[in-house]
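Letters A, B, ... are given to chains in the order of the sequence lines, protein chains preceding strands, and every chain is numbered from 1. What you see is a predicted model; the values in this text were computed from it and never measured.
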Amino acid sequence: MPVQKILTFPHPLLKKRANKVDRIDNSMKILAEDLIDTMKAGPGSVGVAAPQIGVSLSACVVDVSENRHAKENNHGLLVMFNPVIISSNGNSVMREGCMSVPDYTGDVERATDVTVRYMDLSGKIQTVEASGFEAVAIQHEMDHLDGILFLDRIVSLKTGLFRRKNYS
Amino acid sequence: MNRDKVKHLAHFAVTIISKDRPGIVADTTEVLFRLGCNIEDSSCTMLGGDFAMILIVTHEKPFSKSRLSDEFRVLQERTGLVVHLRTLHEDEIAPVKDEGELCLISVYGSDQPGIVYRVTRALADNMVNITDLNTRLIGNKDEPVYVLMLEAILPSGMTVESTSEMFETLRTELTVEIGVRAITPVSL
């Protein structure tokens with residue numbers, strides 16, 4: 001399957017909530033392959049969401065297994081349709097970048113642990129418990145399905161690591 | 001603005017310092033907007049009771065520094081802010097590409113002369129490029145504490161661990177805490 005072009009902001013699809021996937025048919029299998037191929041083609045990319053390749057459907061892929069941030073635990077390749085976070089815990093800050101917002105990075109706070117329910121490529125409902133970098137990657141890709149970019153979540157300016165504070 | 005299509009003819013570095021008040025950025029950028037200048041890059045922050053702005057400004061048409069200077073003089077006379085302009089040369093325009101590991105170095109301890117100098121000299125001698133730096137005096141009058149936070153790119157061959165070890169002598173000599181942590185932006 002061909003590698004798809006990654007849309008960059010201000011493409012309107014990136015700020016639009018994606019539609020739910022009703023059932024897994026052949027077109028969804030093709031979409032999943034496109035997402036996987038596009039992810040693998042991106043240098044260091046660990047995930048792609050369908051809106052990033054111009055498809056406004058709730059589908060994304062994540063694979064952090066090759067990344068040095070995910071030495072601990074990961075679930076390899078995850079292909080998720082209609083993913084929903086059913087519980088989350090903790091928070092940590094990571095400096096994120098996004099293929100859809102080139103040349104910019106920012107500190108984003110995410111839950112450290114998430115439990116996600118989704119439909120897999122065979123149409124079965126699955127649950128995955130992710131933590132660390134895998135949890136961050138899942139939350140970043142799921143944000144794309146809601147039309148949210150990491151720019152919407154930046155918690156501090158890069159020079160704001162010890163921001164002046166008024167206690168009054 | 002499509003950067004690929006537009007060739008900017010004039011590049012300036014604009015530095016502005018003013019006693020802090022609401023409206024400094026608006027006043028400054030109004031001048032730039034009226035002249036048709038673009039703000040390509042900028043960093044602005046409060047420093048003490050002042051507000052400091054550093055901007056890289058471009059113009060698509062031939063544009064003289066004196067024209068910019070004349071416009072800012074009016075603002076300077078009206079509001080008291082201090083403006084400094086510099087024309088950028090060709091080799092200053094493109095940012096230096098970030099290669100190597102990005103790390104955050106935090107230094108803090110009892111205030112004393114030379115903290116910033118000693119730490120940054122050690123980095124410079126090892127070809128470590130600083131990308132951001134903040135300092136602040138905290139604590140109280142009896143026990144002032146100096147805090148230095150910087151981000152830097154380690155050249156190949158240096159790691160977070162080796163950088164931390166490099167500071168071992170300074171830690172003892174200055175009796176300050178020096179921490180080195182990887183930031184490593186993640187591409188998602």
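Contact check for Leu102(B) versus Arg95(A): side-chain heavy atoms found under the 4.5 Å cut-off.
For Arg17(A), the CZ atom counts as loosely surrounded, since its 6.0 Å shell holds 12 or fewer non-hydrogen atoms of other residues, nucleotides or ligands. In this structure, Asp91(B) places its CG atom where more than 12 heavy-atom neighbours from other residues, nucleotides or ligands lie under 6.0 Å away. The environment of Glu129(A) atom CD is sparse: at most 12 non-hydrogen atoms of other residues, nucleotides or ligands sit within 6.0 angstrom.
One finds the CG atom of Leu188(B) at 10.5 Å from the CG atom of Asp143(A) (value rounded to the nearest 0.5 Å).
Between chain B and the options Met99(A), Met39(A), Gln52(A), heavy-atom pairs under 4.5 Å are most frequent for Met99(A).
Scanning both residues, Pro43(A) and Ser187(B), for their nearest heavy atoms gives O-OG, 4.4 Å. Across all non-hydrogen atoms, the minimal contact from Pro185(B) to Thr105(A) is CB-CG2, 3.9 Å.
Cluster membership check: Val116(B) shares its hydrophobic cluster with Leu170(B), using side-chain heavy-atom separations under 4.5 Å among Ile, Leu, Val, Met, Phe, Trp and Tyr. Under the 4.5 Å side-chain heavy-atom criterion for grouping Ile, Leu, Val, Met, Phe, Trp and Tyr, Ile53(A) is connected to Val79(A) within one hydrophobic cluster.
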